[in-house]
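Only one structure is covered here, and it is reproduced in the block below.
A, B, ... follow the sequence lines: proteins, then strands. Residue 1 opens every chain.
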Amino acid sequence: MEIDRLGNWRRTHYSREITPEMDGEAVVVLGWVRDIRDLGGIRFVILQDREGTVQVTIHRDKAKRESIEKADALQRQYSLGVKGVIKKTEMTPRGIEVIPEEIKILGIAQHPLPLDITSRIPAEIDVRLDARVLDLCRDEGRAIFRVQHVVLEAMRMLLSKEGFVEVHTPRIIASATEGGAALFSVEYFDQEAFLAQSPQLYKEQLTLSLEKVFEIGPFFRAEESHTRRHVNEFISVDIEQAFATEVDVMNVLEELIQHVCEAINERCRRELEVLKHQIEVPEVPLERFTYREILEELEQEQIHVPWGEDLPTQACRKLGNLHSNFYFITEWPTESKTFYIKPRDDNPTSCEGFDLMWRWVEIASGGTRVHSKEFLIQRLREQGLNPESFKYHLKAFDYGMPPHAGWAIGLDRLMMVLTGRKNIREVVLFPRDRFRLTP
RNA sequence: GCCCUGGUAGUAUAGUCCGGUCUAGUAUGAGCGGCUGUCGCCCGCUCGACCCGGGUUCAAAUCCCGGCCAGGGCGCCA
């Protein structure tokens, strides 16, 4: 089929912007065919654009022959443009319809489509991800990523207001000896290199020049996780702040979480409705529990976690039943955290590291960092890491490294919470996991 | 990586336990026809599927073995 040229047609209104008061006005609407209902002498084409839908009504006895032919050729998901006149009517839910003067077919769709774009027949997540671009045409997908946009905008606004400078650190790094998560290796000309799992060391180094920095970007972990809350490429929201401690950055974090929740409630009413989800804006300060308090709480629930260990999934699930919103867990055992988290001065077996939880899911973690070079080297050795591999990082400590603290939010996890989705893949446009590298 | 569950038209499902009634049912979709106010329109006709390989049996969608794939859980996740 020949498709039409866009020519000088430009959208005059999104579907949603058309109101009964505009009766008689000429419009150009552009979008896609969501649905077609043909009653014989009259054909209803539901045109969908980013903002909603509008009905295009074609009367077989009144419309131009060309328009009728175009309307007859349409199928679901065809891209189309309609130049027409708004008609006020009692017979549509919106109180308006568009009577076409001219229809342009701007893009065609191969049928059968791999999933039902009207969402009446559900599809499994695997089918949906295989046809992700089409899946994202559904209301739900659009809603999730518009919420994400508002979240990111709100974060950038608040962090900027607080004096943080947005930075970008390398994704390609030389050393795989940081310990912790497994890294993906890449060929870098004639050297072996790795994809960064976090901006941690770079953002710390930047505190000695820019003082307060934040970074939002993707990072990579080569873990063979197989759960609804892990992907191998994820978006991290990181901050690092000079002359600050755990408590200072926790304050920033809880203010940010509250601000984001408020922003969504204000600006994403329709999206939340589509997602059938409500957001409770948390009160600040958030509840703060020490690791020891959490262990005691679990003990009451007959779950025994030995002091020093990270919380197993089952324990986290139990905490989810006991806590219904965001909360902090502080004073983790030093042995359970990584080398750069600072032990407490009064009791070095505990550290100044914290996690931000939402019910049973870990959303963010952070803490005061070690900023004494000698002690950092000692900590590296204690964790079986070779200080030589960190020589560029350690160099920064020769140039007046300030005391500093920071945190990292798993944006995708936060998005699960904010949109009420149960699988992280729903809130990632093109997820990468152990078994999926495409599309 | 380990454990559990599953794989039937484009999509979502019934049937599988207890083999034969399955020429595999239903919804949606797609094709054709009819219908001038639908909004999950309606009505009629048509199209389209048992993951792959092996085995048991007179007979396998159904039972057994292997593979592949998927979902969920656990572990891993500085």
First encountered from the 5' end of RNA chain B, between A/Glu90 and A/Ala123: A/Ala123
By nearest-nucleotide position on RNA chain B, the 5'-leaning member of A/Gln75 and A/Leu115 is A/Leu115
Answer with yes or no whether [X] presents, from its side chain, a donor or acceptor under 3.5 Å of a partner atom in the base of [N].
| X | N | value |
| --- | --- | --- |
| A/His59 | B/G37 | yes |
| A/Gln55 | B/U38 | yes |
| A/Thr92 | B/C39 | no |
| A/Glu97 | B/G37 | yes |

My understanding is that a pair needs two contacts under 3.5 Å, Watson-Crick or G-U wobble. By that rule, which nucleotide pairs with B/C2? B/G73
[X] near the nucleic acid: base, sugar-phosphate alone, or nothing, with a heavy-atom cut-off under 4.0 Å?
| X | result |
| --- | --- |
| A/Asn232 | nothing |
| A/Pro93 | base |
| A/Arg76 | sugar-phosphate |
| A/His111 | sugar-phosphate |

Nearest-angstrom distance, [atom1] atom, [N] to [M]:
| N | M | atom1 | result |
| --- | --- | --- | --- |
| B/C47 | B/A24 | C1' | 16 Å |
| B/G7 | B/G15 | C1' | 15 Å |
| B/C50 | B/C63 | C1' | 16 Å |

Do A/Glu299 and A/His304 have side-chain N/O donor and acceptor atoms under 3.5 Å apart? yes
Quick one: do A/Arg76 and A/Asp35 make a salt bridge, cutoff under 4.0 Å? yes
Answer with yes or no after comparing the ring centroid distance for A/Phe339 and A/Phe390 against a 6.0 Å cut-off, counting only values under it. yes
For the residue pair A/Arg288 and A/Tyr327, would you count it as a cation-pi contact if the rule is NZ or CZ under 6.0 angstrom from the ring centre and within 45 degrees of the ring axis? no
